[in-house]
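A quick write-up on the structure given underneath.
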Amino acid sequence: MNLITTVISITGTLSLILATVAFWLPQMTPDHEKLSPYECGFDPLGSARLPFSLRFFLVAILFLLFDLEIALLLPLPWGDQLASPLTTFMWAAAVLILLTLGLIYEWLQGGLEWAE
């Protein structure tokens, strides 16, 4: 019982200390950029019908693809314990090769160049 009380008191104290530090540590200096409702590089008070940059869209899609890659490869350690783990590794390798080829294609086409 003494060990459980010690662990609960340590976790409670550590949580209280971390919450206090997280509350007091950040600098509270709001400026025009932080008070703006949008942080995506667009003027929030301008027209809503401005042309959207295709580069922003491409980078967002690339982030989503690589997040999907992580989500597809997360079950890989559990797939290693199946009857045929070689099949699991072949599917994982196919996903990685396909995404790598797509990334190389984007790189060669200049899709990752931010400045024109």
Side-chain angles (χ1 to χ4, degrees):
M1 188 60 111
N2 194 12
L3 179 64
I4 295 174
T5 308
T6 305
V7 169
I8 289 174
S9 65
I10 288 174
T11 56
T13 306
L14 186 60
S15 299
L16 186 64
I17 289 171
L18 288 176
T20 305
V21 168
F23 181 73
W24 291 107
L25 190 62
Q27 297 177 356
M28 300 291 193
T29 54
D31 58 354
H32 179 68
E33 309 296 328
K34 290 182 182 178
L35 294 176
S36 175
Y38 301 104
E39 296 178 359
C40 60
F42 299 111
D43 182 21
L45 303 176
S47 173
R49 300 290 177 219
L50 293 174
F52 184 73
S53 174
L54 193 58
R55 297 214 185 262
F56 287 121
F57 181 72
L58 179 64
V59 170
I61 292 297
L62 286 174
F63 276 120
L64 286 175
L65 281 175
F66 284 105
D67 285 345
L68 179 65
E69 170 197 359
I70 296 299
L72 289 174
L73 294 179
L74 271 177
L76 188 61
W78 290 278
D80 185 29
Q81 299 169 1
L82 293 175
S84 62
L86 186 60
T87 307
T88 306
F89 285 120
M90 286 188 346
W91 280 108
V95 168
L96 287 174
I97 288 171
L98 182 66
L99 285 173
T100 304
L101 289 175
L103 181 65
I104 290 170
Y105 176 76
E106 287 293 328
W107 194 337
L108 291 177
Q109 293 296 318
L112 301 177
E113 302 277 333
W114 194 256
E116 294 182 18

For this session: For residues T100 and L96, report the shortest heavy-atom separation together with the two atoms involved.
Result: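 Looking at all heavy atoms of both residues, the closest pair is OG1-O, 2.6 Å.
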For this session: Return the set of residues passing side-chain contact (heavy atoms from CB on, under 4.5 Å) with L18 (not counting sequence neighbours), or none when no residue passes.
Result: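 Per chain and number, L18 pairs via side-chain contact (heavy atoms from CB on, under 4.5 Å) with L14.
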If you measure from [atom1] on [X] to [atom2] on [Y], what distance do you get to the nearest 0.5 Å?
X   : Y   : atom1 : atom2 : answer
L65 : I70 : CG    : CD1   : 12.0 Å
L62 : D67 : CG    : CG    : 11.0 Å
T11 : L16 : OG1   : CG    : 11.5 Å
F89 : T87 : CZ    : OG1   : 11.0 Å
M90 : T88 : CE    : OG1   : 9.5 Å

For this session: For the residue pair V95 and W91, establish whether any side-chain heavy-atom pair is separated by less than 4.5 Å.
Result: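 Side chain of V95 against side chain of W91, heavy atoms only: no contact under 4.5 Å found.
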Exercise. Picking from I97, L98, L99, L103, what satisfies side-chain contact (heavy atoms from CB on, under 4.5 Å) with L101?
Worked result: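 Passing option: I97.
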